[in-house]
*Asks:* 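There's a structure below that I have some questions on.
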Amino acid sequence: MIEAAQALACAQPKAELVARIKKNPDLLWDEHQGVYAALFGKGRRAVQAMRVWSDVLLLRTIKEQLGRERAKREGRAQAVAERGDLLTAHVIFQWLASERSTDSDREHDWHTVIEDLPKLVTTVLDWLTHHVDAEFTKNSFIQSTFTSPERCSLLTERVLASLHDGGEIPELPDTYRPPAKTGKRRPKAVATLLDSGRIPSGTSLVFQAQTGPERRTLAAWLQQDARRGRAVWNSGSRSKPLIWEADGKRYSPSGLVQHMLDLASRERKDRPLQGTTRWFVPGEGSLADLAEQVRREDEEN
C-alpha cells in the first residue's frame with residue numbers, strides 16, 4: 001500500500017506533494033489535508049487498478065536503478081541519489097506522461113519503456129545533481145532541498161527543460177565519483193591542498209554529513225555541542241591536518257569523521273567514506289572540491 005501511495009504521489013502533476021511526503025511520510029494517509037483523496041480518488045472516480053500497477057512498476061524500477069547509481073557516486077551526488085529518489089521519480093513520471101497508458105493493447109509499449117528506464121534514470125539524476133548545485137550552490141543542504149516544495153518545483157522545471165532541450169548531459173565532477181581503482185593515481189586531496197597552500201593554516205572548517213545514515217547517527221549528537229561540527233586546518237601536519245574543536249586533537253579528515261561516528265553511535269567499526277567530502281571551508285566548498293579546483297588550475301597552466 002505504501003508503494004502504491006508513493007507511486008501515485010510521484011505521478012501527480014506538481015512536485016509539491018513529493019516534497020511534503022519526503023518531509024513527513026505520514027501525509028500519505030492524511031485525509032484532513034486532502035492528500036489521501038488526491039491520491040486514491042475519494043469523492044470522485046477511484047483510480048484504476050491497472051494504472052496503479054503501472055505506476056508501482058515504474059517507481060520500483062526507478063528505485064532499483066537509483067540503488068545502483070548510489071554505488072557509482074560519492075558525496076553530494078550520492079546524497080542526491082538517496083534523498084532525491086522521489087523527486088527523480090516525479091520528473092520521470094512527468095517526462096513519460098505521454099507514454100503511460102492503462103490500455104491493455106499498449107502493454108508491449110509500456111514494457112519497452114521499463115526496459116529503457118535505467119538509462120533515463122541516470123540521465124535525470126545527472127541533470128538533477130547539476131541543477132541542485134547550480135541553483136543552490138555546492139554548500140546547500142541536500143536534505144532540506146528535497147523537502148522544500150518551492151525548490152522541488154524549480155528543480156523539476158529545470159530538469160524537464162534540460163531533457164527537452166536535448167543538450168549534452170553534464171559530466172559530474174571527479175569528487176562526485178568514487179576513486180578509480182586502476183590507472184594512474186592522482187595525489188590525494190589533502191596532499192594537493194597542502195602542497196598548493198590553497199587553504200591557509202588556521203582556517204575554520206565545518207562538517208556536513210553526506211548520507212542518510214550519517215545524518216541519522218550524528219544530527220542530535222552534533223546539536224548537543226556545536227564544537228563537534230567544527231575543526232581548524234593545520235598545514236603543519238600532512239597526515240593529520242585537522243584540529244577538532246571538541247578535543248583539540250589532530251586528525252585526518254576521514255579519521256575524524258570515523259571518530260565522530262564511533263562516539264555518536266557508541267560503536268567502533270570501519271566505515272568506507274571519503275572524509276574530504278564532509279569537511280567544508282564555509283562559502284568555498286569541501287576539501288575535495290577545493291583540491292579538484294587546484295588540479296584543474298594546474299592542468300590549465
Side-chain angles (χ1 to χ4, degrees), residues 23 70 73-83 132-133 136-147 173 175-176 178-179 187-294:
K23 186 174 184 178
R70 283 195 293 271
R73 297 164 189 257
E74 182 67 61
R76 285 176 64 82
Q78 188 179 69
V80 170
E82 178 184 2
R83 304 300 298 180
V132 167
D133 286 352
F136 311 118
T137 79
K138 291 185 177 181
N139 294 325
S140 60
F141 289 99
I142 299 299
Q143 182 175 6
S144 59
T145 292
F146 292 116
T147 57
T175 54
Y176 287 1
K188 293 184 176 180
V190 169
T192 298
L193 293 171
L194 289 171
D195 291 341
S196 66
R198 173 63 177 78
I199 303 176
S201 191
T203 297
S204 296
L205 306 175
V206 295
F207 174 80
Q208 289 186 21
Q210 296 298 312
T211 68
E214 285 179 6
R215 283 186 287 272
R216 289 189 290 271
T217 300
L218 294 171
W221 184 80
L222 289 171
Q223 289 179 356
Q224 293 172 4
D225 187 344
R227 297 176 302 168
R228 293 172 174 173
R230 298 195 299 258
V232 175
W233 181 259
N234 172 33
S235 58
S237 174
R238 295 190 68 84
S239 61
K240 298 180 178 180
L242 269 61
I243 300 176
W244 193 27
E245 285 195 13
D247 64 7
K249 296 180 180 180
R250 295 179 178 181
Y251 298 87
S252 67
S254 296
L256 180 49
V257 177
Q258 291 275 14
H259 183 57
M260 293 162 61
L261 289 167
D262 288 345
L263 293 176
S265 65
R266 299 181 181 179
E267 178 185 13
R268 289 185 60 85
K269 66 177 183 179
D270 292 330
R271 304 171 180 86
L273 57 83
Q274 186 179 356
T276 52
T277 63
R278 274 74 170 172
W279 289 102
F280 286 71
V281 176
E284 296 188 41
S286 70
L287 298 180
D289 292 332
L290 298 180
E292 182 63 22
Q293 291 177 13
V294 172

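In what follows, every heavy atom counts, from backbone to side chain, and hydrogens, waters and symmetry copies are set aside. Model, not experiment: these values are computed from the prediction.
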*Asks:* About how many Å separate OG1 of Thr175 and CD of Glu292, when rounded to the nearest 0.5 Å?
*Replies:*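 Those atoms lie 6.0 Å apart.
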
*Asks:* Hey, could you give me the CZ/CZ distance between Arg278 and Phe207, rounded to the nearest 0.5 Å?
*Replies:*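 Here the interatomic distance stands at 7.0 Å.
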
*Asks:* For Arg238, give me all partners under salt bridge (Lys or Arg N to Asp or Glu O under 4.0 Å), at least two apart in sequence or on another chain.
*Replies:*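 For Arg238 the salt bridge (Lys or Arg N to Asp or Glu O under 4.0 Å) partners, ignoring immediate neighbours, are Asp195.
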
*Asks:* Give me the atom names and distance for the closest heavy-atom approach of Asn139 to Glu284.
*Replies:*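 Heavy atoms of Asn139 and Glu284 come nearest at ND2-N, 3.7 Å.
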
*Asks:* Please report the interatomic distance CD(Gln274) to OG(Ser254), rounded to the nearest 0.5 Å.
*Replies:*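 One finds 7.0 Å between CD of Gln274 and OG of Ser254.
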
*Asks:* For residues Trp244 and Met260, determine if any side-chain heavy atom of one lies less than 4.5 Å from a side-chain heavy atom of the other.
*Replies:*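 Yes. Closest side-chain heavy atoms under 4.5 Å.
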
*Asks:* Donor-acceptor pair, Thr217 side chain versus Pro213 backbone, under 3.5 Å?
*Replies:*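 Yes; judged by distance alone, with no hydrogens or angles, the pair exists.
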
*Asks:* Using a 6.0 Å distance limit plus a 45 degree cone around the ring axis, check whether Lys138 lies over the aromatic ring of Tyr176.
*Replies:*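 Judged by the rule, Lys138 and Tyr176 form a cation-pi pair.
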
*Asks:* Do the charged groups of Glu245 and Arg230 touch, with an N to O distance under 4.0 Å?
*Replies:*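 Judged by the 4.0 Å cut-off on N to carboxylate O distance, Glu245 and Arg230 do form a salt bridge.
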
*Asks:* For side-chain contact (heavy atoms from CB on, under 4.5 Å), just list the numbers for Leu263 and Trp221, CA-CA rounded to whole Å, side-chain angles, deciding distance to a tenth of an Å, and then say yes or no.
*Replies:* CA-CA 9 Å; Leu263 293 176; Trp221 184 80; 3.7 Å; yes

*Asks:* What is the distance from atom CZ of Phe280 to atom OG of Ser204, rounded to the nearest 0.5 Å?
*Replies:*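 Here the interatomic distance stands at 15.5 Å.
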
*Asks:* Please list, chain by chain and in numerical order, all residues satisfying side chain to side chain contact (heavy atoms under 4.5 Å, CB included) with Asn234, sequence neighbours excluded.
*Replies:*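 With neighbours one apart ignored, the set is Ser201, Ser237, Ile243, Arg250.
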
*Asks:* With the side chain counted from C-beta on, respond yes when Leu193 and Leu290 share a heavy-atom pair under 4.5 Å apart, and no when they do not.
*Replies:*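 Heavy-atom side-chain distance check passes, below 4.5 Å.
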
*Asks:* Going through the distances and angles, do Val132 and Ser140 end up as a side-chain contact (heavy atoms from CB on, under 4.5 Å)?
*Replies:* CA-CA 8 Å; Val132 167; Ser140 60; 4.3 Å; yes

*Asks:* Would you indicate whether the side-chain heavy atoms of Pro253 and Val190 approach each other to under 4.5 Å?
*Replies:*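 Yes, their side chains come closer than 4.5 Å.
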
*Asks:* Count the heavy atoms belonging to other residues, nucleotides or ligands that lie under 6.0 Å from CZ of Phe136, then report whether that count exceeds 12.
*Replies:*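 Above 12, so yes.
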
*Asks:* Over all heavy atoms of both residues, which pair between Glu214 and Ala209 is shortest? Give the atoms and the distance, please.
*Replies:*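 In terms of heavy atoms, the two residues are closest at OE1-CA, 3.5 Å.
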
*Asks:* Would you check if Trp233 and Val281 make a side-chain contact, meaning some heavy-atom pair closer than 4.5 Å?
*Replies:*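 They are not in side-chain contact.
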
*Asks:* Would you give the length of the straight line joining atom CD of Gln224 to atom CG of Leu218, rounded to the nearest 0.5 angstrom?
*Replies:*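 Here the rounded value is 11.0 Å.
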
*Asks:* Could you label the plane-to-plane angle of the Tyr251 and His259 rings as parallel, tilted or perpendicular, counting under 30° as parallel and over 60° as perpendicular?
*Replies:*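 Parallel, since the angle between the ring planes stays under 30°.
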
*Asks:* Show the nearest heavy-atom pair for residues Ala291 and Thr192, with the distance to one decimal.
*Replies:*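 Closest heavy-atom pair between Ala291 and Thr192: O-CG2, 3.8 Å.
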
*Asks:* Report the distance from atom CD of Gln210 to atom CD of Glu82, rounding to the nearest 0.5 Å.
*Replies:*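 The distance works out to 10.5 Å.
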
*Asks:* Applying side chain to side chain contact (heavy atoms under 4.5 Å, CB included), can you list everything that pairs with Gln143, at least two apart in sequence or on another chain?
*Replies:*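 Residues passing side chain to side chain contact (heavy atoms under 4.5 Å, CB included) with Gln143: Arg83, Arg215.
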
*Asks:* Should Leu287 and Leu205 count as side-chain neighbours, where that means a heavy-atom distance under 4.5 Å?
*Replies:*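 Side chain of Leu287 against side chain of Leu205, heavy atoms only: contact under 4.5 Å found.
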
